[in-house]
Number of protein chains: 2
Amino acid sequence: MQLSETVEWGLHACLALAMMPKGARLPARALAEYHGIKPSYFSKAMQKLVAAGIIQSVEGRSGGLAMAKPAEDVSLLQIVVALEDHKTFFRCTEIRRKGPCAAAPKHYRTPCNIARVMHKADAEWRRVLATTSLADLRQSAAAEPIPGVDKATQDWLAETGAVRGL
Amino acid sequence: MQLSETVEWGLHACLALAMMPKGARLPARALAEYHGIKPSYFSKAMQKLVAAGIIQSVEGRSGGLAMAKPAEDVSLLQIVVALEDHKTFFRCTEIRRKGPCAAAPKHYRTPCNIARVMHKADAEWRRVLATTSLADLRQSAAAEPIPGVDKATQDWLAETGAVRGL
DNA sequence: GACAGTCTACTCGGATAGACAGTGTCCGAGTGAGTACGG
DNA sequence: CCGTACTCACTCGGACACTGTCTATCCGAGTAGACTGTC
Ligand code: FES
Ligand code: FES
């Protein structure tokens, strides 16, 4: 009952990329340093997002990462699922079919009531994340800015020269 | 992003106990055999449910397990939480406060927008499980019985003499 | 000054160790039913 | 026949190994900018 720590990283990283101007790309190393994360493991999380088609990568000296789709078309669920290996919380091993008192398999056409409720909870969890897009998050962040962070970010990006592709 | 396998065991075990007449108790070994589970690890899950006050245990030769509360007062959420070590899915390490561009801690009074959405999804997941009681499950199971299972269970219980406390 | 060739610094990607929680198993303390014995 | 003390089989509870996943790190293939030398 615990998501990978990389989920928080991936969400914040995608939000940061979504705030960049279109066409700009940022190396994973810079993105990790910006968030205060160790770059080694962080890059592995980015690889999964690239494989899922959420962000795109450019190799080479002036390579970097950028969003592969508009922020409106990326939901939080897509990011979380891309980063997690196991896709569902509850796993039903059809325990009801085992044991000395089980009936013939033919009689288990309808899903188990327990599994039904668990999967319903699972679906509700996903619904919340699926109905929130990265653009929604960007808008919320712009509405309630943290004082000073925006300017500090611009200065830091200019100072380190991390932005590529413009 | 995966719950322990013991969750399915615990839920089915509690449902089985809730179907027993009041005052009856069943040894963990019999309960495991009835579900086709290895008894060793299953008993460990039962220990957690006992510690959480959901079921009660009686030691000794004719000992066994029984529900500690009426089935109406036990929600699925209580069972799942009792069996899981980590209580929340998403863990926010306040990554926004780290890195070279973070502001002073004083400015982070409001929770992070990302964490807010994730915790909302978490709350929705719990809401579904909290609003379903063991009694609801028992009623649903009684409404759609699997042919033959009920009689086989009664016979098996009588044959093995696993029921105690009556 | 402009251009071609080379070099080098920097990027992503995957392959490789280590840490931790979940899994699986075992044995000991405790208890009450069953039994043997005495009244 | 009834009461009592004993034995013992059976239970839960916790202590002890094992396994798979998550975490953390490193190095190689590949690219584009930077530099040098020539025309
Ligand atoms: S059989 Fe898997 S939850 Fe009921
Ligand atoms: S700081 Fe933890 S989710 Fe934003």
Side-chain angles (χ1 to χ4, degrees), chain A residues 1-10 13 17 24-33 36-52 55-66 68 80 83-87 89-91 93 160-166, chain B residues 1-10 13 17 24-33 36-52 55-66 68 80 82-91 93 160-166:
Chain A
M1 186 168 174
Q2 189 158 295
L3 276 66
S4 168
E5 194 179 1
T6 59
V7 169
E8 188 186 12
W9 302 354
L17 287 179
R25 54 182 184 268
L26 211 57
R29 186 188 183 87
L31 210 48
E33 188 181 350
I37 315 172
K38 303 178 188 273
S40 309
Y41 188 36
F42 174 74
S43 70
K44 204 163 192 308
M46 292 299 103
Q47 286 179 33
K48 290 187 179 178
L49 293 176
V50 171
I55 65 180
Q56 58 186 358
S57 67
V58 175
E59 293 191 0
R61 168 156 177 161
S62 71
L65 304 170
V80 174
L83 290 171
E84 280 288 331
D85 293 333
H86 304 289
K87 303 306 179 191
F89 288 119
F90 183 69
R91 39 179 168 170
T93 60
T160 59
V163 181
R164 317 289 170 80
L166 290 179
Chain B
M1 187 168 172
Q2 190 157 293
L3 275 67
S4 167
E5 194 178 2
T6 60
V7 169
E8 188 186 13
W9 300 354
L17 287 178
R25 54 181 183 269
L26 213 56
R29 186 189 183 89
L31 210 48
E33 189 181 350
I37 316 172
K38 302 178 189 276
S40 309
Y41 190 35
F42 174 76
S43 70
K44 205 166 190 305
M46 292 299 104
Q47 287 178 31
K48 290 186 180 179
L49 292 176
V50 171
I55 66 180
Q56 58 186 357
S57 67
V58 176
E59 293 191 358
R61 170 161 176 158
S62 71
L65 305 170
V80 173
L83 289 171
E84 281 288 331
D85 294 333
H86 304 290
K87 303 306 179 192
T88 64
F89 287 120
F90 183 70
R91 40 179 168 169
T93 61
T160 59
V163 181
R164 317 290 170 81
L166 290 178

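Proteins come first, then strands; the chains are lettered A, B, ... in the order of their sequence lines, and each starts at number 1.
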In residues 55-62 of chain B, what donor-acceptor pairs under 3.5 Å come from side-chain atoms, sequence neighbours left out?
none

* side-chain contact (heavy atoms from CB on, under 4.5 Å) between A:Met46 and A:Leu49, intermediate numbers included -> CA-CA 5 Å; A:Met46 292 299 103; A:Leu49 293 176; 3.7 Å; yes
* Nearest whole angstrom, please: distance from the P of D:dG13 to the CZ of B:Phe42. => 12 Å
* Structure fact -> Value for CG (B:Leu65) from CD (B:Gln47), rounded to nearest 0.5 Å, stands at 10.0 Å
* Is the backbone of B:His86 close enough, under 3.5 Å, to the side chain of A:Gln2 for a donor and an acceptor to pair up by distance? -> no
* Take A:Leu17 and A:Leu31 through the side-chain contact (heavy atoms from CB on, under 4.5 Å) test and state the conclusion after the steps. => CA-CA 9 Å; A:Leu17 287 179; A:Leu31 210 48; 4.1 Å; yes
* Asked: Once you round to the nearest 0.5 Å, how far does OG of A:Ser4 lie from CZ of B:Phe89?
  -> 14.5 Å
* Asked: Atom CG of B:Leu26 to atom C1' of D:dT11: distance rounded to whole Å?
  -> 12 Å
* Asked: Is there side-chain contact between B:Lys48 and B:Asp85, with heavy atoms separated by less than 4.5 Å?
  -> yes
* To do: Specify the separation, in whole Å, of atom CD1 of A:Ile55 and atom P of C:dT11.
  => 15 Å
* To do: Using only side-chain N and O atoms of B:Ser57, determine if any of them is under 4.0 Å from OP1 or OP2 of D:dG13.
  => yes
* Asked: Could you state the CZ-P distance from B:Arg164 to D:dC10, rounded to the nearest angstrom?
  -> 9 Å
* Structure fact -> Taken to the nearest whole Å, CE/A:Met46 to P/C:dC12 is 11 Å
* Measure from NZ on B:Lys38 to C1' on C:dC26 and round the result to the nearest Å. => 14 Å
* Going by the angle between their ring planes, with limits at 30° and 60°, are B:Phe42 and B:Trp9 parallel, tilted or perpendicular? -> tilted
Can you name the atoms? Protein N/O to nucleotides 28-36 of chain C N/O, anything below 3.5 Å, with the distance.
residue, atom, partner, partner atom, Å
C:dT31, O2, B:Arg61, N, 3.1

* Does a side chain donor of either A:Glu8 or B:Thr93 reach within less than 3.5 Å of an acceptor in the other side chain? -> yes
* Asked: Taking only N and O in the side chain of B:Gln47, is any of them less than 4.0 Å away from OP1 or OP2 of D:dC12?
  -> no
N/O-N/O pairs, protein side and nucleotides 21-23 of chain C side, under 3.5 Å:
residue, atom, partner, partner atom, Å
C:dG22, OP2, B:Asp85, OD2, 2.5
C:dT23, OP1, A:Arg91, NH2, 2.9
C:dT23, OP1, B:Glu5, N, 3.3
C:dT23, OP2, B:Ser4, OG, 2.6
C:dT23, OP2, B:Tyr41, OH, 3.1

